[in-house]
S.K.: 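Take a look at this one; I'll ask things after.
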Amino acid sequence: MSLADLQTDAAVLSELGRRLARHRLERNWTQVELAARAGLGQATVQRVERGDSVQLTSLVKLLRALDLLQELDLAIPARIELPIAQLERERRKGRRRARAGRHGERSGANGQDAAERAWRWGDERDSGS
């Protein structure tokens with residue numbers, strides 16, 4: 001079950017409590033053992049596993065004791081690149097354009113560069129006829 005699918009804070013806390021209890025049981029630890037490893041009281045472990053609200057420092061201590069603290073890096077990355085920020089950064093750099101006659105090259109027929117040639121639609125009649 002994804003936490004994002006849960007509709008209420010209470011449901012999220014309840015699911016987190018179930019997950020922490022599962023991790024504790026996978027290690028074959030009692031609530032008393034987890035509490036001792038985390039430096040907390042057994043009542044705090046019970047509250048977390050019931051889905052009650054606890055202090056954030058208590059959750060951090062439990063995650064550390066269960067060797068799950070690194071998982072917070074996935075949940076809350078140190079930096080996130082939002083697409084709008086990337087667009088804003090590109091806008092600040094300024095627009096880059098190709099320039100006619102770059103590197104001394106001539107681009108037109110008879111040695112004319114782009115600035116000297118008139119642009120045409122292609123349906124004009126040749127004036128020399």
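Here the structure is a predicted model, which means the values were calculated and not measured.
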S.K.: Atom CD in Q55, atom OG1 in T44: separation rounded to 0.5 Å?
M.R.: 8.5 Å

S.K.: Report yes or no: does E49 contribute a side-chain atom to a donor-acceptor pair with the main-chain N or O of Q46 at less than 3.5 Å?
M.R.: no

S.K.: Distance check, rounded to the nearest 0.5 Å: Q70 atom CD versus R64 atom CZ?
M.R.: 11.0 Å

S.K.: Could you state the interatomic distance from CG (L16) to CG (L62), rounded to the nearest 0.5 Å?
M.R.: 11.5 Å

S.K.: Testing the basics here: between L74 and P77, what is the closest heavy-atom pair and its distance to 0.1 Å?
M.R.: O-CD, 4.0 Å

S.K.: Looking at S53, is its backbone amide N or carbonyl O close enough to the side chain of R47 to form a donor-acceptor pair, meaning the two atoms are under 3.5 Å apart?
M.R.: no

S.K.: More than 12 heavy atoms of other residues, nucleotides or ligands under 6.0 Å from CD of Q7: yes or no?
M.R.: no

S.K.: How many angstroms lie between atom CD of E26 and atom CG of L66, to the nearest 0.5 angstrom?
M.R.: 10.0 Å

S.K.: Using a strict 4.0 Å threshold on nitrogen-to-oxygen distance, state whether E33 and R37 make a salt bridge.
M.R.: no

S.K.: Distance check, rounded to the nearest 0.5 Å: H23 atom NE2 versus L34 atom CG?
M.R.: 11.5 Å

S.K.: Could you check if a side-chain atom of D52 sits within less than 4.5 angstrom of a side-chain atom of L13, using non-hydrogen atoms only?
M.R.: no

S.K.: If you measure from CD on E71 to CG on L63, what distance do you get to the nearest 0.5 Å?
M.R.: 9.0 Å

S.K.: Can you find a pair of side-chain heavy atoms, one from L20 and one from L59, that are under 4.5 Å apart?
M.R.: yes

